[in-house]
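Lettering of chains follows the sequences in order, A, B, ..., and the numbering in each one begins at 1.
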Amino acid sequence: MDANLLSSYIFAVVVLNVLLGLMAYMTYLERKLMAAMQDRVGPNRTGPVGLLQPIADGIKLLVKEDIIPKHADRRIFLLAPLLSFVLAPVAAAVIPFGDSITVFGHEVNLYVADINVAALYFLAIGSMGVYGIILGGYASANRYSLLGGLRSAAQVISYEIILGLSLVGVFILSGSLSLVEIVNQQSETLHLGPLQLPNWFILSQPLAFVIFLIAAVAETNRAPFDLPEAETELIGGFHTEYSGFRFSFFFLAEYISMIVISLFGATIFLGGTDGPIRDGVWWLALKAFIFLFFYIWLRTTVPRFRYDQLMGLAWKVLLPLVLINILLTGFIRLWGLGML
Amino acid sequence: MSLEISQGTPVEISEERALTDSRRQMVLNMGPQHPSTHGVLRVILTMEGETIVGCDPVLGYLHRGVEKLGETHRYSQFVPWTDRTDYVAAPSNNLGYILAVERLCGIEAPERATYWRMIMGELARLASHLVWLGTHALDIGALSMSLYCFRERELILDIFETFCGARLTTNMMEMGGFSRPIPDNLPGMVRDFCNIFPEKQVEYESLLSANPIWLSRTRGVGVIEPDAAISMSLTGACLRGSGINYDVRKATPYLYYDRMDFEVPLGTRGDVYDRYLVRMEEMRQSISIIEQCLDQMPTDGPLSLTESPYVIPPHDSVMKTAEDMQRHFIWVIKGFSPPKGEVYQAIEHSKGELGYYVVSDGTPIPYRVRLRTPDFVNLQSLPYMAQGAALADVVALIGTIDIVLGSVDR
Amino acid sequence: MNELMPEHFMFLSAALFIIGMVGVLTRRNVLVIFMCVELMLTAVNISFIGFAWEFSQLTGQIFALFIIAIAAAEAVIGLGIIMALTRQRDTVDIDEVRELRQ
Amino acid sequence: MAAEVLVFNLLSGIAIVSAAAMIMMRNPVHSAIALVITFVNVAAVFIMLRAEFLAVVQIIVYTGAILVLILFVLMLVNPDELPDFHGARPMQQIFGFGLGIILLAEIAVAILTRTVVAEPGPWTEDGMAAVGGNVQAIGQVLYSGYVLPIQATALVLLAATIGALFLGRPDEDEEPTPSRRTVATISLAHTRGSDQDEIPALSSANIKHEAGDRDLIMARDADEFTSTPEDDQKGQQE
């Protein structure tokens with residue numbers, strides 16, 4: 001086995017573990033931020049300022065009884081949370097965390113894989129992620145779960161299209177599906193008269209960015225698009241019947257996919273590791289944090305959509321907008337580049 | 001005028017059609033353990049996809065026989081039970097019952113006590129509306145509203161606590177006024193609250209009224225036609241949201257509501273959003289009523305009738321005079337006996353017309369106590385509104401009726 | 001056979017195609033039949049892509065792309081028909097749907 | 001045996017086993033899951049055959065869209081209420097398996113006895129790398145030689161979308177919702193009946209504008225804005 005492949009494997013393990021740790025503290029961050037926005041304190045009993053709370057929660061969930069409903073489709077019921085949990089971090093494999101660094105004389109690339117179809121790979125993994133939800137909803141033998149699964153299937157298919165199409169403008173401009181290539185292009189400087197701007201795609205594709213943001217929230221089933229769970233309507237939707245660590249798998253998968261899609265958005269639209277001074281992974285982390293903050297902010301602020309409104313938004317508002325964006329980008333790419 | 005609600009109208013369905021319908025429909029049992037049914041309401045929903053075709057509320061999971069308890073307790077002993085019907089606005093319930101019994105006995109509380117009763121009633125209305133707003137918004141998905149609302153409700157509960165020592169089940173009102181003195185800092189607390197609250201209410205509205213998702217979730221949803229509202233005997237914001245001008249405080253004024261300068265908001269469409277607007281405006285009017293009460297109220301004066309046989313004698317005269325001591329003994333041991341007769345006293349509760357019907361046979365125990373709780377009556381508009389709505393709307397509809405199951409089931 | 005030969009993917013393709021065909025012939029649930037048809041289409045794709053790889057051509061991959069696009073269209077229409085069918089006849093049993101035959 | 005062959009055999013083995021499981025499973029949802037496993041393995045085979053783009057498209061289109069749709073339909077059609085579909089009629093089963101075995105034998109003979117001969121093209125691994133990769137290579141070939149087929153495919157997809165919309169439209173014989181929504185009102189504050197234009201004149205002092213283009217009507221008196229049924233009858237007689 002050659003050293004390159006080995007370093008890739010090691011880096012994959014590192015990314016996976018960092019993601020899992022981040023995810024645990026993502027729950028802490030969400031609770032603390034929400035508490036601050038809602039005029040309360042948040043977790044503060046376990047450890048200093050509640051810092052051990054995620055660990056306590058983890059232990060609690062792990063030792064809880066694992067209840068399987070009597071009429072559940074047992075095999076699928078057991079499979080579904082695993083599917084969700086395994087697929088969520090896999091998408092992070094294509095995200096570049098920086099240029100290569102040298103460790104013990106070996107050059108190590110700060111990405112797990114630079115594949116030619118990285119962006120599409122990301123979408124493909126995202127589209128697989130829905131299986132956990134839809135199968136969990138089906139297998140629970142509960143009508144609320146079934147409704148959650150059905151809603152989720154419709155929602156994820158719709159917003160998957162929007163998410164994919166919102167990226168097409170970026171692909172047209174960059175001419176590549178590889179995230180490494182896209183980040184490299186964004187690190188160039190854009191000269192607009194006297195202004196020197198970073199060539200981030202948020203500047204050339206603002207509409208696509210907004211649509212991506214909306215679709216990303218819907219894709220991860222977060223408020224105000226959390227209809228598959230909707231605790232006040234469907235009592236948790238697809239995970240109504242799950243308990244213990246199987247529930248925690250669903251829960252963690254949601255947070256991991258939030259982090260991963262934030263990293264992805266930061267990479268595609270906000271220049272990834274590119275920053276004003278000293279490029280590096282910290283810039284990526286900062287940008288992803290902005291995304292995550294937006295997620296939490298949204299959750300505390302807005303009410304939930306109704307099912308028909310959600311689908312109407314996707315098909316009647318976002319889809320035409322994103323198609324117009326592709327059309328305009330195509331025109332500019334064909335004839336407009338000389339003018340810039 | 002013909003009032004017709006097609007709820008029970010038979011619709012011709014061919015046999016084949018009925019068969020396919022039943023195969024396509026799904027019965028969803030919502031509650032009694034469901035986070036958005038405000039307690040233990042159970043709703044059996046028949047759905048086609050996400051559209052409701054049938055809605056059947058099932059009541060009684062919190063039935064405690066409050067009316068029957070009224071027939072076994074002495075008049076003053078029943079007051080704590082009224083706390084436990086609509087527990088989010090306990091002083092209003094106390095008030096309604098005490099007013100009914102006072103009318104039966106033909107007594108009236110002194111002026112200062114009456115003003116304080118109005119203040120407490122309006123504070124109870126605010127407390128109840130705040131719970132409604134928080135849970136209604138939470139049902140629709142606005143997570144933070146409930147916490148903001150409960151933050152302000154805390155202030156009201158603090159006032160209750162200062163006044164009578166209890167926060168939720170206040171047992172606040174007594175025959176003939178109040179036997180305990182008003183704490184010195186209470187008027188200041190109420191004033192402070194009246195100064196703070198309008199700003200906070202602007203905050204709520206900036207979160208909801210301007211929010212397109214909130215508008216799309218509430219506008220045009222759960223429309224109640226004025227005729228339907230009347231024929232279902234709705235009261236309160238459910239009725240006024242449909243544009244019908246009926247407020248007990250205006251129609252048959254009790255306490256000193258005829259001295260107050262306030263307006264009754266009426267909706268124009270009768271949907272969830274109108275009821276939301278009506279209740280928000282009612283909160284502003286309540287603040288104005290409380291301020292007027294504080295301004296008009298005599299600063300001192302008796303808080304309770306002293307001479308009436310129906311009222312517990314004041315503490316120091318019990319200690320000083322033999323007559324009062326005897327009266328006190330009898331009042332405590334045997335209770336008071338109102339004259340024979342019956343009375344129906346309605347007050348404008350935060351949820352609508354709360355009526356107490358009390359029949360006395362001249363003994364210390366009522367012959368019959370009947371509660372006309374507003375949300376029990378209002379709840380019958382749920383199947384009407386739910387027809388053709390989406391599943392997600394049902395929680396909004398339950399929220400807009402503003403039910404408290406303790407009051408519905410009694 | 002020490003390296004990947006055309007026979008490998010041809011056998012895979014044939015096996016999947018025949019499994020799909022047997023499924024179409026023996027199952028009665030129209031949705032399962034539908035899945036079997038998708039499997040057969042995928043089996044054909046394997047052949048196309050395999051030959052493209054063998055001869056360093058891209059025509060096979062292009063064809064596979066078209067097949068996937070057409071399969072998507074077919075899925076949309078097929079599921080639409082199934083939905084309409086279940087709504088009208090309340091069955092997904094292929095044997096009970098004889099309307100076209102009569 | 002080369003590692004490549006080993007991996008290929010493993011992938012195709014799983015694909016074939018789960019495909020067989022797909023047609024054997026009694027529960028259609030289990031069948032769908034088996035098919036997902038097959039498709040994912042086939043996508044992996046595509047990657048081995050230097051078709052990364054198609055592998056990803058395979059996953060997005062087949063597993064991400066088509067199978068999710070199938071599952072969606074499967075869930076809508078409640079499986080408990082349906083008859084047992086698995087057992088086809090015995091004749092059908094024998095015929096089906098028999099035909100399958102014969103066809104497999106025929107193809108096996110064909111594969112083992114014949115050799116395909118053709119000119120190798122330019123798109124070797126290095127050839128693809130020269131233009132930037134598989135995606136770029138497919139793009140070049142597709143948009144230079146296959147413009148018309150793309151347009152035709154687009155048309156087919158469009159037609160399919162319209163067809164699906166047509167098939168999925170609500171039933172025409174849907175009963176009209178009961179006409180309870182159109183009742184006359186007795187409140188003056190409310191527009192009367194279905195005639196939405198006729199709004200009674202209200203003095204501006206009574207109207208309070210609210211967010212969302214709504215007005216609240218502020219009643220100062222219990223008698224305002226309300227007509228008794230007698231008033232209504234008088235109005236009708238006049």
Side-chain angles (χ1 to χ4, degrees), chain A residues 30-31 33-42 141-155 214 217-218 221-237 240-241 295-313 316-317, chain B residues 25-31 33-38 44-47 49-51 134-152 154 200 203 206-208 210-221 272 276 389-399:
Chain A
E30 173 169 37
R31 291 168 72 173
L33 274 176
M34 275 178 71
M37 290 178 192
Q38 294 173 338
D39 222 359
R40 41 192 189 95
V41 185
N142 178 323
R143 285 177 178 162
Y144 288 101
S145 305
L146 185 70
L147 275 176
L150 283 177
R151 281 180 173 192
S152 174
Q155 174 180 336
I214 297 171
V217 177
N221 294 331
R222 291 281 300 180
F225 301 100
D226 56 346
L227 279 96
E229 326 182 9
E231 58 284 273
T232 54
E233 294 157 26
L234 296 184
I235 342 176
T240 303
E241 295 289 351
Y295 268 105
I296 297 164
W297 190 17
L298 209 59
R299 183 173 172 204
T300 54
T301 312
V302 292
R304 185 180 301 115
F305 274 104
R306 198 170 59 210
Y307 186 64
D308 53 328
Q309 291 162 352
L310 176 93
M311 301 306 269
L313 179 72
K316 292 179 191 156
V317 181
Chain B
Q25 284 171 355
M26 173 163 118
V27 175
L28 191 69
N29 185 24
M30 194 172 175
Q33 275 84 36
H34 186 284
S36 320
T37 52
H38 295 212
I44 300 171
L45 297 169
T46 316
M47 315 208 300
E50 291 239 353
T51 312
T135 50
H136 186 37
L138 182 66
D139 287 349
I140 294 185
L143 211 55
S144 305
M145 271 314 284
S146 65
L147 289 145
Y148 295 150
C149 288
F150 274 82
R151 181 184 64 196
E152 267 67 69
E154 249 351 69
K200 300 292 184 185
E203 196 177 290
S206 66
L207 259 177
L208 294 180
N211 190 320
I213 303 180
W214 176 261
L215 293 182
S216 63
R217 283 299 302 275
T218 54
R219 294 181 65 168
V221 173
V272 174
Y276 155 78
L391 172 63
D393 286 334
V394 173
V395 294
L397 297 178
I398 293 174

What do the steps show when you test A/Asp39 against B/Leu147 for side-chain contact (heavy atoms from CB on, under 4.5 Å), and what is the final call?
-> CA-CA 8 Å; A/Asp39 222 359; B/Leu147 289 145; over 6 Å; no

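Within the 4.5 angstrom heavy-atom criterion, only side-chain atoms of A/Tyr307, from C-beta onward, approach chain B. Neither the backbone nor the side chain of B/Val394 comes within contact range of chain A; no heavy atom of the residue lies under 4.5 Å from a heavy atom of that chain. Using a 4.5 Å cut-off between heavy atoms, B/Arg151 contacts chain A through its side chain alone, with no backbone atom that close.
With hydrogens and angles disregarded, a donor-acceptor distance shorter than 3.5 Å links the side chain of A/Tyr144 to the backbone of B/Asn29.
Side chains of A/Arg151 and B/Leu391 form a contact here, defined as non-hydrogen atoms less than 4.5 Å apart. Inter-residue side-chain proximity for A/Leu147 and B/Met47 is flagged as met; some heavy-atom pair is nearer than 4.5 Å. A/Arg306 has its side chain out of reach of B/Ile140: every pair of non-hydrogen atoms, C-beta onward, lies at least 4.5 Å apart. A heavy-atom distance below 4.5 Å is not found between the side chains of B/Ile213 and A/Arg304.
Remark: B/Ala142 pairs with A/Pro303, B/Ala137, B/Met145, B/Leu208 by the side chain to side chain contact (heavy atoms under 4.5 Å, CB included) rule, at least two apart or across chains. Qualifying side chain to side chain donor-acceptor pair (under 3.5 Å) partners for A/Gln38, counting only residues two or more places apart in sequence or in other chains: A/Arg40, B/Ser144.
In terms of heavy atoms, A/Thr301 sits closest to B/Asn211 at O-ND2, 4.2 Å.
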